[in-house]
Amino acid sequence: MGKNYDFGKIEQHWREYWQKNKTFKADNTSGKPKYYVLDMFPYPSGAGLHVGHPLGYIASDIVARYKRLKGFNVLHPMGYDSYGLPAEQYAIQTGQHPANTTERNINRYREQLDKIGFSFDWDREIRTNSPEYYKWTQWVFIRLFNSYYCYKAGQARPVSELIEIFEQQGNERLHIAQSKQLNFTAQEWNGYNERQKQEVLMNYRLAYLAETAVNWCAPLGTVLANDEVVNGLSVRGGHLVERKMMKQWSLRITAYAERLLQGLETLDWSESMKEIQRNWIGKSIGATVNFEFAAADKAATEAVVPPLEIFTTRPDTVFGVTFMVLSPEHPLAMEISTEEQLVQVGKYIARTKNRTERERQADVNKISGVFTGAYVIHPFTKKQIPVYISDYVLMGYGSGAIMAVPAHDSRDYRFAKYFNLPIIEVVSGGNIEQEAFEAKDGILVNSDFLNGLEVKDAIKKAVEKIEESKIGIPKTNYRLRDAIFSRQRYWGEPFPVYYKDGIPYMLDESELPLELPEIDRYLPTEKGEPPLARAVNWRTAEGYPLETSTMPGFAGSSAYYLRYMDPHNNETLVGEQANEYWREVDLYFGGSEHATGHLIYSRFWNKFLYDIGKIVSDEPFRKMLNQGMIQGRSNFVYRLNRKMYSEYLREERNEEPVEGIPQGLNIPVFISKNIPDREKFTDPVHVDIHIVDNDILDIGKFRDWRNDLSNVHFVLEDDKYVCGWEVEKMSKSMYNVQNPDEIVEKYGADTLRMYEMFLGPIEQSKPWDTKGIEGVFRFLKKYWRLIVGSSDSDREESVLPFDENSPTPSELKIIHNLIRKIEDDINRFSFNTAVSSFMIAVNDLADLNCRKRSIIEPLTILLAPFAPHIAEEVWLMLGHNETITYAEFPKYEEKYTVESTFEYPVSFNGKTRFTLSLPLELDSASIQKAVLEDMRSSKWLENRTPKKIIIVPKRIINIVV
RNA sequence: GCCUCGAUGGUGGAACUGGUAGACACGCAGGACUUAAAAUCCUGUUCCCGAUGAGGGAGUGCGGGUUCAAUUCCCGCUCGAGGUACCA
């Protein structure tokens, strides 16, 4: 190897070596302790990787390589989440099969990933669109279909067991997850025909087909899950989404709400991440209360109307109820309305129905509603209470009806003011003339048996009383909704479902995988059926039609971390032994944007698979780190837009014009950033960051950049054109996209890796900025020079032999300090400070011109996780035949960090007075003695005795007199 | 609105359990080497006062507090990022 740091040659060599020797292949049987470190697998998009993608991969790779050096058997796999909308949209436009574009994109991703030198075990690669993989996605679905959730057992149970129960005792006194309350006896059940039985069972299955209100996205031609919709628009593409009733497959994730919430406590995730999931699950504890309808003319003459059930978290405010509100979709809405009000009510309901989610959300502050003419009876005061309908009450939460307490709920307050309804204060402490008092503290007033109680106690008492009077029960509600699992798309997993007489049945597990069929076009049929309906002969061998929807994006990613444990097992999702060994992901890297999607679905699937005894850990991801996003750093040039610069100077600033400015605006003029008053007469224009270096524009390249710019004029400062900059999203249209390949080409993968880590804390979002990259590059070059032992006069191509002498104490101190620091930093994922520590250590060693083998060896091992290629190369030069990957991480020995003396500033009544050099080994008593002596002799103390002497190790001594 | 996190030089950031704020790097300024460029090395670089010295003062978004000692802990604000929202 030559004297220069030829990163291109070094990196290519080791890339090939690792691949050929399968250096990072993980073993499923090993006596070593295991460590499973995982990155969220990417969706292979057509744009390829930009520098933001590898951020998390580099961090996880450092940990993976570090753990190997520490003697762990490390599982560090990678794969592709290869089903998804963009490939299908592209297919619709171009007619190209999504499988082809996906394959192409994956190859490009792989090429880019390889260049950075990750230690992935590629033998375990998985793709969610390969039949060998989605076979198991379909398998999980079948198992979900064949399971129900028993709250008593606190786990999923097989539906076959449920059928037995029904046959013997009907569904009485069962505490199980369900879509709606059904009541039947064993006799009734046994009398049902097949269709009726299947319909009943659908009410309990964990994967079920039901008519549900869905997010329908017409432009995409499909339904979307709640987490795929933001502000009434689709996350992908930003299309309008409407609510619609449709028959769809759903997953009963709500059954797991409480366990998903409780499980968070056991996880080592960031507080904000847990909080996002807690909010999404949205637990609220309260009670349901039934309000009987007053016997108005209508109700008295016709069939008995059931009582109005409401849910409240504030049963303590029950005496403040002055009206009731139903959601417009409430089944009783029309039924209870009086003759006079019926027309009004009908109109109101029709109007709200026609509004999209987005419109509805936009007018959140507009009050609307209508009186039904009906009254309910207050269960305690027996007074009549009017019933209204308003769209501020949602059918999807609680029972779709509320008791309104305007004094203590701001929405009820607004409604009451608008319709001029009474407001009764029942909790003291606020000013209800002005606004609702929503705080949960204060003393109850105007509330009969609750008077004088604190809110907390009043809630308890009220619930007791409600239960006692048999008008309601304590109830916990969750905001979490069941996950809608059908998509009317082509590029996804087919459901292993067929229909017989319109009733859905599962394929036999032996028939899996049900492969995605070929179709001629990727659009819905003329009849509006999903694309799969175009497939020729899309039916079972017996001729039954197959399901035409496909599964959503989160299906394939919900259990992929399990498949990595045992990716080639044809018998089962994951073999028992493999699962016993790897158990769960120890460290998971990914973006926080998946908190309400993938991360919650995965936890749900994992808990289900745990329940059915398939896996041994009930949480999938023990520790989670969220890498920040890397934003773009855009550059701007400033184009003259209003007045000529010279005119401006003459007229307004009374200065002579700058030389060479053309008279007229017929050619574009660009003004450097710091020319006075520039912003007054220029517009910023994005300029490609590749023709800007440290904010200085390369004028020649700029002229070549676009045809219309060849003839332009510049106003410079110090002979330079200085560009402005701003942090924006990394995007093609802002000319600020940086590909990792370009950096690898110019500086090498090791520099890219260390620089991305050096940029700042891993969890923080930050703009990509190449300014500092030279510093890291210089560091690696310096390290290389230290290894090869260069000096200016030395022009030979050979490398100097290493110094075999024993190290000096100061050399040992450098290396042992570094060992301790790097180990600490990796353990707390502080990679940026680790990089800094390397720089300091190598600088110090270079100053000492230390090329001792005994120092270089541990230094190189420490560096290996960060800059693996150069470390391998050096390892080879040190005479090792084995790859550095499985070397032993050096041990830290404390004694080498100890200096013989240390300087203490001594502060005297808070003021720093003098500095004292003391041996560090002294205990605090000896230090006190030494300080006292010193102070007496220098007459600081005069004749006083110090009250206390505070000694802070290695820092400072304080003396208070 | 509610929840979570954050704010430190010209810039990215460091300071781990309160203990010499600004490590490390970029940038900038000056210098060495070179015919020159590249590369490399050295010195300085929070701000203010002071003579370019010695020295002194201020300083971690703002205002208070606890402490011998606060970027760090507590209270009250301002601004920013993310999450979430008629969820009763």
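The nucleotide B:rU4 finds its pairing partner in B:rA81, both defining distances of the Watson-Crick or G-U wobble pair being shorter than 3.5 Å. For B:rA51, there is no paired base (Watson-Crick or G-U wobble, both distances below 3.5 Å).
Note on A:Q764: a side-chain N or O is less than 4.0 Å away from OP1 or OP2 of B:rG13. Between A:K821 and the phosphate of B:rC16, there is no side-chain N or O to OP1/OP2 separation shorter than 4.0 Å. Residue A:K782 places none of its side-chain N or O atoms closer than 4.0 Å to OP1 or OP2 of B:rU40. For B:rC87, one of the phosphate oxygens OP1 or OP2 lies less than 4.0 angstrom from a side-chain nitrogen or oxygen of A:R411. At B:rA88, none of the side-chain N or O atoms of A:N477 fall inside 4.0 Å of OP1 or OP2 (strictly under the cut-off). At B:rU17, none of the side-chain N or O atoms of A:R828 fall inside 4.0 Å of OP1 or OP2 (strictly under the cut-off).
Side-chain polar atoms of A:Y478 and A:T254 form no donor-acceptor pair below 3.5 angstrom.
If you take atom P in B:rG53 and the same atom in B:rA15, they sit 32 Å apart, rounded to whole Å.
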- Task: Check step by step if salt bridge (Lys or Arg N to Asp or Glu O under 4.0 Å) holds for A:D824 and A:R820.
- Result: CA-CA 6 Å; A:D824 266 18; A:R820 186 182 43 118; 5.6 Å; no
- Applying side chain to side chain donor-acceptor pair (under 3.5 Å), run through A:Y397 and A:S284 and close with a yes or a no. CA-CA 11 Å; A:Y397 187 77; A:S284 48; 2.5 Å; yes
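As a whole-Å value, the separation of A:K283 NZ from B:rA88 P is 13 Å.
Both A:V835 and A:R314 lie near RNA chain B, and the one whose nearest nucleotide falls closer to the 5' end is A:V835. Where A:S272 and A:R481 meet RNA chain B, the nucleotide closest to each residue was compared, and A:S272 sits on the side nearer the 5' end.
Glycosidic conformation of B:rG53 is anti; the angle lies outside 90° of 0.
Counting only heavy atoms from C-beta outward, the side chains of A:V427 and A:F437 approach each other to under 4.5 Å.
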